Amino acid sequence: MGGNFGIWVLTICLIFQSGHGFYLPGSYPLKHVVGNSLSVKVNSLTSIDTEMPFSYYSLPFCKPLEGVKDSAENLGELLMGDRIENSPYKFKMYTNESDIFLCQTGKLSSNDFKLLSKRIDEMYQVNLILDNLPAIRYTIKEGFMLRWTGYPVGVKIQDAYYLFNHLKFKVLVRKYEEPDVARVMGTGDGAEAIPTVGNKGSDVPGYMVVGFEVVPCSVKHDGNLVKNLKMYEKYPSPIKCEPTTVSMPIKEGEPIVFTYEVTFEESDIKWPSRWDAYLKMEGAKVHWFSILNSLMVITFLAGIVLVIFLRTVRRDLTRYEELDKEAQAMVNEELSGWKLVVGDVFRAPSNPALLCIMVGDGVQILGMAIVTILFAALGFMSPASRGTLITGMLFFYMILGIAAGYVAVRLWRTIGFGDPKGWVSVAWKAACFFPGIAFSILTILNFLLWGSHSTGAIPFSLFVILLLLWFCISVPLTLIGGYFGAKAPHIEYPVRTNQIPREIPAQKYPSWLLVLGAGTLPFGTLFIELFFIMSSIWMGRVYYVFGFLFIVLILLVVVCAEVSLVLTYMHLCVEDWKWWWKSFFASGSVAIYIFLYSVNYLIFDLKSLSGPVSATLYLGYSLFMVLAIMLATGTVGFLSSFWFVHYLFSSVKLD
C-alpha cells in the first residue's frame, strides 16, 4: 500500500507541477539595461507540408554585417534539424524604433525566384528567436484567437506571390527582479554565506524579456529611396504595416527591400511563466478521458487474471493434492489442460538467441522510455532548452546497455539450463541488434535529406560521433552487463523436461490469430495519447504533458503484462506448450496497430504532405518508432508470462 500511495503522491505532484514553472539550471533570467542591444536569432525554415527543414539563409534574405555564425548546438538539436544562426535584426532594450531599413537584395535571379515561390507554395515558416523565446504570431479566425510560432515566408494570391518583407515586432518586458539565491538555497546560519547573484550594478534598473510577438507585412517599397541607405538607417517615408493587405509581389529581375519596426511593452507575465503562451493546455479533458479508458481495459483484464489465479489454479491444485495415490493414477489419465504439458513447458523455443537479444533490447528501450519521461514530467527537459529530450534519451539508452546485456545473457543461460557457452555472442548481438536496424533506417533517410539539401540531414561529423557513442560506450556497457549476467545464477526450472516432445493436438483456430488480435487491447490504452504525440512530432506543436504520458506508459506496461499472461494460460490449457514467442508477440503485436494508425494519420491528418520524399521520411521514422515499441511491449509480455509459467508449475507437486 505504501508504494501505491507514493505513486499517487508523485502523480499528483507531477500534474500540479505542470501548471507552475520553476527555474531550471541554465535558464535564469537575463538582465538587460535600457539601451542594451538585443539580437534576434533565426532557426531553420520549417513546414508541416514537407517535414524537411531548410537553412534560413538558403533564401535571399538579408545577412548580418558581421557574417552568418552558428549558435552552439547540442546533439538533440542537430538530430532534430534545428540550425540556429545569427540574424541582422537588432533592437535596443526598451527603445521603440520604426521604419528601420535592413537591406536591399540584388535583383532576383530566376533560380531565386523559383525557390522563393516554391517555398511559399510549400507553406514554409520563418522561425525567429529572441532571448530563447520563439517569435509568436496571433491571428483571428472566425472570432477565435489562433497562436502560431513563426510567420510564413509569403503568400500566394491568385497567381502572384507576395513576400513578407516588413516585420513589426513587439517585445514584452518586465522589470528585472533579483533572483534571491540565498532565499532559495536555505535559511538560517548558512544563508548569509551565500552571496546573492549580481550585486554589482543592481541599482541600475533592468528589464527581462517575457514575450516576443511578430506581425509580418508585405509592403511595396520604393527602390530609388534606399539606394544610399546603410543597414539600420531610417527609411525616408513612414511605412504603413497592414497585416490584412499585401502589396509586395516578387518578380524576376527586381530587388527586394527589407525593413522592420519594434515596440516594447511592459507586461505582467512573470519570468517562469513566459512559456505559458506556447503551452496553452489544450484538451486536458481528453487526456483524462484516455486514462480512464485505459483504466477500464486494465480492470477488465485484471478481473480475468484474478479468475484464472483463484478458480482454476487454486482449485486444480487443492483437488490434486488431496487425493490418494490410487485416485491420483486415475486423475493422471484424465488430466486436462496445462498439467499435461508439464514435461514440455520449459522446452527451449526455436531461435532462442534471437529471443534473448530482443528481450534484452526491449528492457533497454523500456527503461529509457520510463526514465526519460519521468525526468521530462519532473520538468528537467522543458521546451525552453531545445534538444534536451533527444540528448537525454540517447544518454539513458547508452547507460541502460548494462541492463540489456544482463537480461539477455541471464535468459540465455536459463534456456540453456545454466550453460554459459556463447554468452559473449549473445551480449554482442544485443548491443548491435536494435541500434543496427535504427542506424540503417536513419542512414537511408539521411541520404534522402542530403539529396534535398535539408538541414534535417545529420552532418557527417555527427554520424561519426553517433558511431563512436555506440561502439565506445553502448557496446562495452552491454558486454559488462552480459558478464554480470553470465556470473549470476540462472533461473532454475521447477519441473523436468521430457526427452521426447509431446504432440500438440489440432487446434480449432490458428493460435497466431489470437496473438495478433491481442494487440488491440494495449493499442486501446494508447491511441488517444498517440494522436497528441503524432501532432507534436509532425505538426510542430510543442508536446509537454509528460505527466499524462508517464501515467499512460505505466498503464500500457500493466495491460501488456495482463494480455500476455491471459493468452499464455489459454494456450497451455489447450495443450499448446510453445508459448515463448507467442507471449512476446501477444503484447508486441500492438506495434502492428500503431503502424497502421500512423499510415492512417499520414493519409487523413497529413493530407498536405507533399512529395514522395516527405512520405518516405514519415514512414521511415514511423517504422523506427514502431520497432522500438514492439521490442518494449513484447518484453513486458514475455517477462510476465515467464514469471507466470514459472509460478504455475512451481506450485504443483508432480512426481
Side-chain angles (χ1 to χ4, degrees), residues 293-294 296-309 311-313 336-342 344-352 354-355 358-359 362 501-527 530 555-601 622-623 625-645 648-649:
N293 166 35
S294 316
M296 282 164 68
V297 176
I298 283 189
T299 326
F300 165 68
L301 282 168
I304 299 180
V305 173
L306 208 65
V307 166
I308 288 178
F309 271 113
R311 276 192 55 208
T312 8
V313 181
S336 69
W338 54 269
K339 298 221 187 80
L340 291 174
V341 295
V342 70
D344 296 277
V345 71
F346 289 112
R347 191 177 298 289
S350 51
N351 304 335
L354 182 64
L355 182 69
M358 285 168 83
V359 170
R502 177 191 171 83
E503 204 179 320
I504 298 175
Q507 308 292 329
K508 291 196 192 81
Y509 39 82
S511 58
W512 283 103
L513 209 64
L514 260 183
V515 167
L516 291 178
T520 50
L521 288 166
F523 178 71
T525 64
L526 250 193
F527 82 101
L530 209 58
L555 296 183
L556 176 71
V557 167
V558 176
V559 173
C560 286
E562 292 176 343
V563 162
S564 177
L565 197 148
V566 172
L567 250 119
T568 302
Y569 184 74
M570 285 164 72
H571 280 139
L572 293 179
C573 279
V574 292
E575 301 175 39
D576 180 354
W577 46 264
K578 295 185 171 174
W579 60 273
W580 300 78
W581 280 105
K582 285 170 191 161
S583 69
F584 186 92
F585 285 114
S587 52
S589 58
V590 65
I592 301 169
Y593 297 99
I594 293 179
F595 191 70
L596 292 175
Y597 180 84
S598 43
V599 172
N600 162 64
Y601 186 84
S622 298
L623 200 65
M625 184 173 84
V626 161
L627 181 75
I629 291 172
M630 183 196 78
L631 290 172
T633 52
T635 298
V636 172
F638 171 77
L639 292 175
S640 67
S641 283
F642 184 83
W643 169 82
F644 169 69
V645 172
L648 188 60
F649 285 92

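Everything numeric in this text was worked out from a predicted model, so none of it was measured.
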Review point. Relative to each other, are the rings of Trp581 and Phe585 parallel, tilted or perpendicular (30° and 60° limits)?
Key: parallel
Exercise for review: Would you name the heavy atoms of Val563 and Pro522 that are closest together and state the gap between them?
Suggested key: CG2-CD, 4.2 Å
Practice item. Please confirm whether the backbone N or O of Ala561 pairs with a side-chain atom of Ser564, one donor and one acceptor, at under 3.5 Å? Key: no
Review point. In terms of side-chain heavy atoms, does Thr568 have a donor or acceptor partner in Ser583 at a distance below 3.5 Å?
Key: no
Point to revise | Parallel, tilted or perpendicular: ring planes of Phe346 versus Phe642, cut at 30 and 60 degrees | key: perpendicular
Review point. Out of curiosity, Ser641 OG to Tyr569 OH, how far, rounded to the nearest 0.5 Å?
Key: 13.5 Å
Revision key, fill the gap. Of all heavy-atom pairs linking Leu516 and Tyr593, the shortest is O-OH, 2.7 Å
Check your understanding: Within a strict 4.5 Å, meaning less than it, do heavy atoms of the Lys582 and Leu567 side chains meet?
Key -> no
Practice item. Could you tell me the separation between the CG atom of Leu521 and the OG atom of Ser587, rounded to the nearest 0.5 Å? Key: 11.0 Å
Practice item. Locate the shortest heavy-atom distance separating Ala586 from Val515; write the atom from each residue and the value. Key: N-CG1, 3.7 Å
Review point. Could you walk me through whether Val341 and Phe649 pass the side-chain contact (heavy atoms from CB on, under 4.5 Å) check?
Key: CA-CA 10 Å; Val341 295; Phe649 285 92; 4.3 Å; yes
Point to revise | Lys NZ or Arg CZ of Arg347 over Trp577 ring: under 6.0 Å, within 45° | key: yes
Point to revise | Residue pair Phe595, Ser598: steps toward the side-chain contact (heavy atoms from CB on, under 4.5 Å) verdict | key: CA-CA 5 Å; Phe595 191 70; Ser598 43; 4.1 Å; yes
Exercise for review: Could you check Val574 against Gln507 for side-chain contact (heavy atoms from CB on, under 4.5 Å), going step by step and ending with a plain yes or no?
Suggested key: CA-CA 8 Å; Val574 292; Gln507 308 292 329; 3.3 Å; yes
Check your understanding: Using 30° and 60° as the class limits, which term best fits the ring planes of Phe638 and Trp579: parallel, tilted or perpendicular?
Key -> parallel
Exercise for review: Taking all heavy atoms of Pro349 and all of Pro352, pick out the closest pair and write down the distance.
Suggested key: O-CD, 3.5 Å
Revision key, fill the gap. CD of Glu503 to CG of Asp344, rounded to nearest 0.5 Å, is 11.5 Å
Point to revise | Candidate pair Thr635 and Phe584, rule side-chain contact (heavy atoms from CB on, under 4.5 Å), full reasoning | key: CA-CA 6 Å; Thr635 298; Phe584 186 92; 4.0 Å; yes
Check your understanding: Shortest non-hydrogen contact from Glu575 to Ile504?
Key -> O-CG2, 3.9 Å
